[in-house]
Amino acid sequence: MPELPEVEIAARNLREWTAGRSIVRVEASPTAKYVFRPSSPKAFARAVAGARFGEIRRIGKNLLVSLERDGAPLGVLAHLGMTGKWLRREAGDPPTRFSRARFALDDGAVLHFDDLRLFGRLRVVPGARFDEVPEVAALGPDPLDRGIDPAALGDALRRSKLPVKVRLMDQALLPGVGNIYASEACFRARVDPRRKGPSLAPREVKALAGAIVTAMKDGIARQEGPEITYVEEGGANPFLVYGREGEKCPRCRRAKIQRVVQAQRSTFFCPRCQR
DNA sequence: ACCCGTGTTCGCTG
DNA sequence: TCAGCGAACACGGG
């Protein structure tokens, strides 16, 4: 699931599910110790039980959940990792398949943090001082929230010899851009993902800046619906090039989509359209 | 059995 | 000193 669009959907869902609500009880699976590091599952549950929900922000792929407990601010930083998701169930429903933490609310709902691979994280942030968390402080401006300044993007690309697709995934530059949307943005901008940053012309940088934002907005639009209770997987591949090795390019319809490996991750592109 | 994986972090290296 | 690289993390799914 999770790059910026998926996390944005999660944020919207969570806002709806938690508005005005309090946490009645928390269960954290003891086997999922890794999810709660550097704290423990027990300490995490103890810290947030009884809290009332406040604002929920998203920066890149991070969810910043503000809580209030005994009149004092408290925060939870949530990251979905590779396979994390937030699901809403009713009290008494069976646990979701890879449920790692369960938050019982005062309206009878139970929010599950579900995560197959255990790369997700739930972390208590004392006083909700998110800006003191190094991983949050290191993030650049959120591209959806604040837009992308082509001049700033150009500067950043010029300062690094990394292939442009790899550079786009730097969370300090463009928080929220991950492996899928980096490929998708390069395709939309017609830029070869293997190009080195400094080789890009200003008009290509500008195209990239626009392509990143529109790719993410499309991703969000695809997933939002009138009655989302939770986002399901499965179904047709919604992406233009990602996961489409060997298929005909959706733009030129002549070349075949190629897959290459960059920085240990798969990159998909059209060798004819992307220069 | 084997390869793959929508993410991040850490230790090493040149 | 530090950008860049590769491994590690953990566990299915195909």
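Residue numbers begin at 1 in each chain, while the letters A, B, ... track the order of the sequences.
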>> Check this for me, if you would: do D115(A) and K85(A) make a salt bridge, where the nitrogen-to-carboxylate-oxygen distance has to be below 4.0 angstrom?
In response: no
> How close or far is atom P of dT8(B) from atom CZ of R121(A), stated in whole angstroms?
Replying inline: 11 Å
>> Among dG4(C), dG12(C), dT6(B), which nucleotide has an atom closest to any side-chain atom of F98(A)?
In response: dG12(C)
> Which whole number of Å gives the distance between the C1' atom of dG4(C) and that of dT6(B)?
Replying inline: 23 Å
>> On the nucleotide dA10(C), are OP1 or OP2 found under 4.0 Å from the side-chain N or O atoms that K33(A) carries?
In response: no
>> Between R21(A) and D106(A) (salt bridge meaning N to carboxylate O under 4.0 Å), is one present in this structure?
In response: yes
> Just to confirm, is there a sub-4.0 Å distance from OP1 or OP2 of dG13(C) to any side-chain nitrogen or oxygen of R97(A)?
Replying inline: yes
> Can you find a side chain N or O atom of R259(A) that sits less than 4.0 Å from OP1 or OP2 on dG5(B)?
Replying inline: yes
> Atom CD of Q264(A) and atom C1' of dT9(B): how far apart are they, to the nearest Å?
Replying inline: 12 Å
>> Rounding to an integer number of Å, can you tell me how far N62(A) CG sits from dG7(B) P?
In response: 12 Å
> Is it true that D192(A) and R272(A) make a salt bridge, defined as a side-chain N closer than 4.0 Å to a carboxylate O?
Replying inline: no
>> When the P atoms of dC3(B) and dA7(C) are compared, how many Å lie between them, rounded to an integer?
In response: 15 Å
>> Using the rule given for salt bridge (Lys or Arg N to Asp or Glu O under 4.0 Å), can you reason through E16(A) versus R88(A), listing the C-alpha separation, both sets of side-chain angles and the distance that settles it, and then say yes or no?
In response: CA-CA 11 Å; E16(A) 196 177 310; R88(A) 184 181 189 274; over 6 Å; no
>> For dG14(B), give the paired nucleotide (Watson-Crick: N1-N3 plus N6-O4 or O6-N4; G-U: N1-O2 and O6-N3; both under 3.5 Å), or none.
In response: dC2(C)
>> Any base atoms under 4.0 Å from I180(A), or only sugar-phosphate, or nothing? Heavy atoms, all strands.
In response: base
> Taking CG from L162(A) and P from dG4(C), how many angstroms apart are they, rounded to a whole number?
Replying inline: 4 Å
> Are OP1 or OP2 of dG12(C) and a side-chain N or O of T83(A) less than 4.0 angstrom apart?
Replying inline: no
> Mind checking the P distance from dG11(B) to dA10(C)? Whole angstroms is fine.
Replying inline: 15 Å
> Taking atom P of dG5(B) as reference, at what distance in whole Å does atom CD of E3(A) sit?
Replying inline: 13 Å
>> Below the 4.0 Å mark, does dG7(B) have OP1 or OP2 next to a side-chain nitrogen or oxygen of K61(A)?
In response: yes
> Is there a side-chain polar atom (N or O) of R265(A) under 4.0 Å from OP1 or OP2 of dG7(B)?
Replying inline: yes
>> Between S99(A) and R89(A), is there a side-chain donor-acceptor contact under 3.5 Å, judged purely by atom types and distance?
In response: no
> Just how far, in rounded Å, is P of dC9(C) from CZ of F36(A)?
Replying inline: 20 Å
>> Measure CE/M82(A) against C1'/dT9(B) and give the value in whole Å, please.
In response: 14 Å
> Within the pair Y242(A) and dT6(B), is there a side-chain N or O less than 4.0 Å away from OP1 or OP2?
Replying inline: yes
>> Between the side chains of E204(A) and R195(A), is the shortest nitrogen-to-carboxylate-oxygen separation below 4.0 Å, so that they form an ion pair?
In response: yes
> For R117(A) and dT6(B), what is the distance between atoms CZ and P respectively, to the nearest whole Å?
Replying inline: 8 Å
> Stacking here means centres under 5.5 Å and planes under 30°; does Y181(A) stack on dT6(B)?
Replying inline: no
> Does a side-chain N or O from H79(A) land closer than 4.0 Å to OP1 or OP2 of dG7(B), or not?
Replying inline: no
